[in-house]
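Beneath this line is the structure, given in C-alpha cells, with notes to follow.
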Amino acid sequence: MPTSDLDEPWSPDRTGGTAADPSRSAARGVEVRCEGVVHLYRTFAGHDVVALRGIDLVIGAGERVAFLGPSGCGKSTLLTLLGGIQRPSAGRIFLDDEEISRLGERRLTRVRSRLVGTVLQGATRNLLPYATARQNLSFARLGTGGRDDRRDLPLPEELLDVVGLADQRDQTVRTMSGGQRQRLALACAVATGPRLLLADEPTSALGHDDRDAVVALLHRIGTDLGTTVVVVTHEAEVAATFPRTVTMKGGRIGAEGRAGSEYVVVGEEGLVHLPTELVDLWPAGTLVRIEQHPDEGSLVITREDRAGEVAP
Ligand code: ADP
Ligand code: MG
C-alpha cells in the first residue's frame, strides 16, 4: 500500500493549531431529512420509470450510513437528490434547515459547491484525466469560488498526504491505478470542506487492499472532520463497517441495520417489506393474517393456508 497515515487523526486546521476542536467538529456534519421523496424518470419512449416511491429518512449530523439494495432499487437516484444534482419529482429534502428540493438553480449550485461533496460512481467521472493529482485538487477547490476566507480548507498537499498520494502528486490520472483514482476522487470531494460527503460505489472494482484503504478513508473523514457520510455499496463487508445501514427495495426503504442488528422499517400507511430471506418463502400474492399477540406488544403473521386451519 502507498504511504498514508490512515491511522493518524486528521484535523486540518488552517486557522492555527493542529489539534481537532471537538466543538468545531460536531458542528461540521449536516443533518439530512427526506419527507415523502418520489422520483420519476421520463424515458424517450414516453414511459415514466418510478425510481423512488416515497422515501422518509433522517440521517443525523455526523452520522455514517451505507445504502444497500439490489441493482435498480434507487440508491444512486437518492444520492443524486441528496447532493442537489437532481430535484425530486415530489416530496421534500432538507439539509439542516435548508430545503434543497425547493432551491433555485443559483442557490443549488452553491449547495453543491460548498455544502456537499459528491463522488459519482466510477472514479474517473469525477476527475480530469489528463491533469495531475495536484492539478485535480486545485481545480476541485475552485468550486469554493476561490475565496481567501476559506482558510479552514485543507491544502492540496495536505490532502494528498492524507489519501496516500504524496508520491503521485505530479502523476496524471490516466497513469494511476483504480485505487489511486478512487482515493484522489475522495480527496477532491472533500477539498471544498463539505459537511456532507456522498459516494456512489466507491469501492467497486477495487482489490482488497485498495478497498480497505478507501473504506478507512471514508470513516476517517466522518470521525475526524465530523462530516456526515453516505455511501452506496453492494458489498456486505463494506456496509458492515458502517454504524448504520439503510437497505432499499423497489424505490422504498425496506430495512435498517444498527450496530449489526437488522430491522424492517414500517413505512407510510403501515407498509412493511418482508426480510429478503423470507421473500421466496412467501411469494407476491400470498395471503397472510396479521394479528396482535394478546400478551405482548408484538404481531403474529400467519399464512392463509395455515390461518384457515386455525380460524376458518
Ligand atoms: P441503483 O443505483 O439502486 O442501481 P438507480 O437509482 O440507478 O438504482 O435506478 C433506479 C431506477 O431508475 C431503475 O429502474 C433505473 O433503470 C431507473 N433510472 C435510473 N436513471 C435513469 C435515467 N436517467 N433514465 C431513466 N431511468 C433511469
Ligand atoms: Mg447505482
Side-chain angles (χ1 to χ4, degrees), residues 32-57 59 64-93 95 100-101 105 108 112 116-127 178 181-182 185-186 188-189 196-206 210-211 214-215 218 228-242 244-257 262 264-265 267-268 271 273-277 279 284:
V32 179
R33 213 163 67 247
C34 297
E35 295 176 0
V37 170
V38 171
H39 196 71
L40 311 175
Y41 289 105
R42 179 137 293 174
T43 64
F44 288 122
H47 301 299
D48 287 344
V49 176
V50 188
L52 298 176
R53 296 171 184 269
I55 300 286
D56 293 295
L57 177 69
I59 298 171
R64 279 168 288 138
V65 181
F67 286 173
L68 284 160
S71 179
C73 70
K75 306 180 295 294
S76 297
T77 301
L78 184 54
L79 211 71
T80 58
L81 299 183
L82 300 185
I85 293 169
Q86 304 189 81
R87 281 195 195 78
S89 310
R92 309 172 80 186
I93 300 176
L95 299 184
I100 60 162
S101 43
E105 202 46 55
L108 204 55
R112 283 197 298 262
V116 187
T118 304
V119 182
L120 300 171
Q121 185 171 3
T124 43
R125 284 172 72 198
N126 304 280
L127 300 169
R181 288 174 184 177
Q182 196 57 255
L186 272 175
C188 288
L196 170 63
L197 174 65
L198 305 169
D200 198 346
E201 304 273 11
T203 58
S204 66
L206 296 186
D210 281 328
R211 184 188 74 183
V214 166
V215 169
L218 288 163
T228 308
V229 177
V230 181
V231 166
V232 168
T233 182
H234 63 271
E235 292 173 274
E237 301 99 310
V238 172
T241 68
F242 281 76
R244 178 178 174 194
T245 59
V246 170
T247 302
M248 297 178 61
K249 285 180 189 177
R252 293 190 173 94
I253 290 173
E256 286 222 20
E262 274 292 303
V264 170
V265 180
E268 280 290 300
L271 185 88
H273 285 269
L274 289 178
T276 315
E277 64 275 17
V279 167

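Keep in mind that this is a model prediction, so the values were computed, not measured. Read the numbers this way: they start at 1 and go in the same order the structure lists the ligands and their atoms.
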Could you state the interatomic distance from CD1 (Ile253) to CG (Leu57), rounded to the nearest 0.5 Å?
-> 4.0 Å
Distance col, row Leu81:CG vs Leu52:CG, nearest 0.5 angstrom, shows 6.0 Å
When rounded to the nearest 0.5 angstrom, what is the spacing between OG in Ser204 and CG in Leu206?
-> 6.5 Å
What is the distance from atom CZ of Phe67 to atom CG of Leu79, rounded to the nearest 0.5 Å?
-> 6.5 Å
Residues in side-chain contact (heavy atoms from CB on, under 4.5 Å) contact with Glu235, at least two apart in sequence or another chain | Thr203, Arg211, Thr233, Glu237, Val238
Residues in ring-ring contact (aromatic ring centres under 6.0 Å, His included) with His39, at least two apart?
-> Tyr41
Any Leu120 side-chain heavy atom under 4.5 Å of Ile85 side chain | yes
Do any protein N, O or S atoms sit under 2.8 Å from the Mg ion (ligand 2), and which ones are they?
-> Ser76 OG
Contact residues of ligand 1, where a non-hydrogen atom lies under 4.0 Å away | Tyr41, Val49, Ala51, Pro70, Ser71, Gly72, Cys73, Gly74, Lys75, Ser76, Thr77
Given side chains that start at C-beta, do those of Leu82 and Ile93 come closer than 4.5 Å, heavy atoms only?
-> yes
About how many Å separate CG of Leu198 and OG1 of Thr118, when rounded to the nearest 0.5 Å?
-> 4.5 Å
